[in-house]
Number of protein chains: 2
Amino acid sequence: MSMDKSIGSASVRLSKKMTRIVNLYLRSYHLTTEQWVVLRALHEIDGITQKELSHRTDKDQATLTKILDLVEKRKAVIRVANPADRRSFLIKITEQGRALVEELTPYIEEIFIRMVAGIKPEKLEAYQEVLGLLESNIEQLLEQTDLERRNKSERNI
Amino acid sequence: MSMDKSIGSASVRLSKKMTRIVNLYLRSYHLTTEQWVVLRALHEIDGITQKELSHRTDKDQATLTKILDLVEKRKAVIRVANPADRRSFLIKITEQGRALVEELTPYIEEIFIRMVAGIKPEKLEAYQEVLGLLESNIEQLLEQTDLERRNKSERNI
DNA sequence: TAAATATAGTTAGTATACAAATTATATTTA
DNA sequence: TAAATATAATTTGTATACTAACTATATTTA
């Protein structure tokens, strides 16, 4: 079997299913997986720029703007002018948002306990290790692709 | 570290990056990863209903309709009336579509060879095994959630 | 120091995933 | 056998990911 299917499609399929199941469980809280990830990040480190938040959550600026609009609307976060840079905001989690994260954290961990049921800890560790290696390799490929694109641009001048 | 982050977010992040890099490489072919998956499936087994195709590619009907619209537009597939059921089509890959898959198959495999560079085969096998176990566990959770939802519906009657 | 260049966040557009609703058609029920 | 129910594909709507363009602001360059 090709790696395209056995690694590529299998990884993407698992990711979709993880998102699907977590979204189902979060539904009654009117929260999506991606919104949760943003709130969780702010609960850990609060009052950061959207740029920083986009790095921490691996979401692009455009998508993050939309997600923040939604969680701001439900009063889980607020955007505060950044005194150090008028182009940016500091994103702060509200007490309401904090309470939500604190309520949901054990609930979501319970979901994952079910997800990994029957899988040996060493296997899970191996899984995580390969996740990291693949991610690093891809990051390098992405950088190279960036370089190639930039080189192309320079040639056009 | 919570499994939510170490398993959940890490898996989703990897999946996004895989999709991102493959999309970059496919860009010059004016093809996206998801369109590729559909064409690949049809190259393997052709002339199947959209319903069957949606199972084989793990895509919901609504999304698949859109993707088929796009690949049909570029003449990579055609929809043919299904003589056995007037509600459905048989989706057939064209010669053009077939040629594209045959051209791209080694190219994409090359991408994955780069992605797994430096990772031992046993590690990759372990990764794949855990992928499968997690997916099975989630499928079971999804079924249970379905049952719960149906039970709720019945209670409302 | 003014001009050139870069950047933070937003908007607009395309693609995809998912849910709900719809219509024509098939299947099951009574 | 007619009515009730289910189903294939499509449409509509929301959320997310990604790209490109934009505007106000910051930084660098000459």
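From a predicted model like this one, the values you see are computed outputs, not experimental measurements. Chain A is the first sequence line, chain B the second, and so forth, proteins listed ahead of strands; every chain is numbered from 1.
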Side-chain contact check for A/Glu34: nearest option of D/dT10, D/dT16, D/dC18 is D/dT16
Provide, to the nearest angstrom, the distance between the CG atom belonging to B/Asp58 and the C1' atom belonging to C/dT16. 13 Å
Would one find a side-chain N or O of A/Lys16 under 4.0 angstrom from OP1 or OP2 of C/dA17? yes
Hey, are the side chains of B/Tyr25 and B/Glu110 touching, using non-hydrogen atoms and a 4.5 Å cut-off? no
If you check the A/Arg20 side chain, which of C/dC18, D/dT19, D/dA15 turns out closest? C/dC18
Under a 4.0 Å heavy-atom cut-off, which of residues 78-94 of chain B touch DNA chain C? B/Asp85, B/Arg86, B/Arg87
Nearest-neighbour nucleotide for the A/Ala62 side chain, C/dA8, C/dT16, D/dT19 considered: D/dT19
If I take atom CG in residue A/Asp60 and atom C1' in nucleotide D/dA20, what distance separates them, rounded to the nearest angstrom? 12 Å
It should be established whether A/Gln61 places a side-chain nitrogen or oxygen under 4.0 Å from OP1 or OP2 of nucleotide C/dG9. yes
Evaluate the side-chain proximity of A/Thr32 to A/Val22: yes if any heavy-atom separation is below 4.5 Å, no if none is. no
Using side-chain heavy atoms (C-beta onward) and a distance below 4.5 Å, is B/Glu44 in contact with A/Lys5? yes
Counting only side-chain nitrogens and oxygens, does A/Thr32 get under 4.0 Å of the OP1 or OP2 atom of D/dA15? no
Any side-chain heavy-atom pair from B/Ile108 and B/Ile111 closer than 4.5 angstrom? yes
Answer yes or no: does atom CD of B/Glu95 have more than 12 heavy-atom neighbours from other residues, nucleotides or ligands under 6.0 Å? no
Measure NZ/B/Lys51 against P/C/dT25 and give the value in whole Å, please. 18 Å
Check against side-chain contact (heavy atoms from CB on, under 4.5 Å), A/Ile7 and B/Met18: CA-CA 10 Å; A/Ile7 306 271; B/Met18 275 187 182; 3.7 Å; yes
Grab the CD-P distance between B/Glu72 and D/dA9 for me, whole Å please. 13 Å
Mind calculating the distance between CD1 (A/Ile67) and P (D/dT16) to the nearest angstrom? 5 Å
Against the side chain of B/Thr63, the closest entry in D/dA8, C/dA17, C/dG9 is C/dA17
Around atom NZ of B/Lys123, are there more than 12 heavy atoms from other residues, nucleotides or ligands closer than 6.0 Å? no
In whole Å, I'd like the distance from the CG atom of A/Leu68 to the C1' atom of D/dT16. 13 Å
Per-residue pairing states of DNA chain C in dot-bracket (Watson-Crick or G-U under 3.5 Å; . unpaired, | other strand) read ||||||||||||||||||||||||||||||
In whole angstrom, what separates A/Leu64's CG from C/dA8's P? 13 Å
Geometric class of the A/Tyr127/B/Tyr127 ring pair [parallel <30°, tilted 30-60°, perpendicular >60°]: parallel
When hydrophobic residues are tied together by side-chain contacts of less than 4.5 Å, even through go-betweens, does A/Ile91 share a cluster with A/Ile78? no
Of all the nucleotides listed (D/dA15, C/dT11, D/dA9), which has the minimum atom distance to the side chain of B/Thr49? D/dA9
Please confirm whether the shortest side-chain N or O distance from A/Lys59 to OP1 or OP2 of D/dA17 is below 4.0 Å. yes
Any side-chain N or O of B/Lys66 under 4.0 Å from OP1/OP2 of C/dT16? no
Between B/Lys66 and B/Asp60, is there a side-chain N and carboxylate O pair less than 4.0 Å apart? no
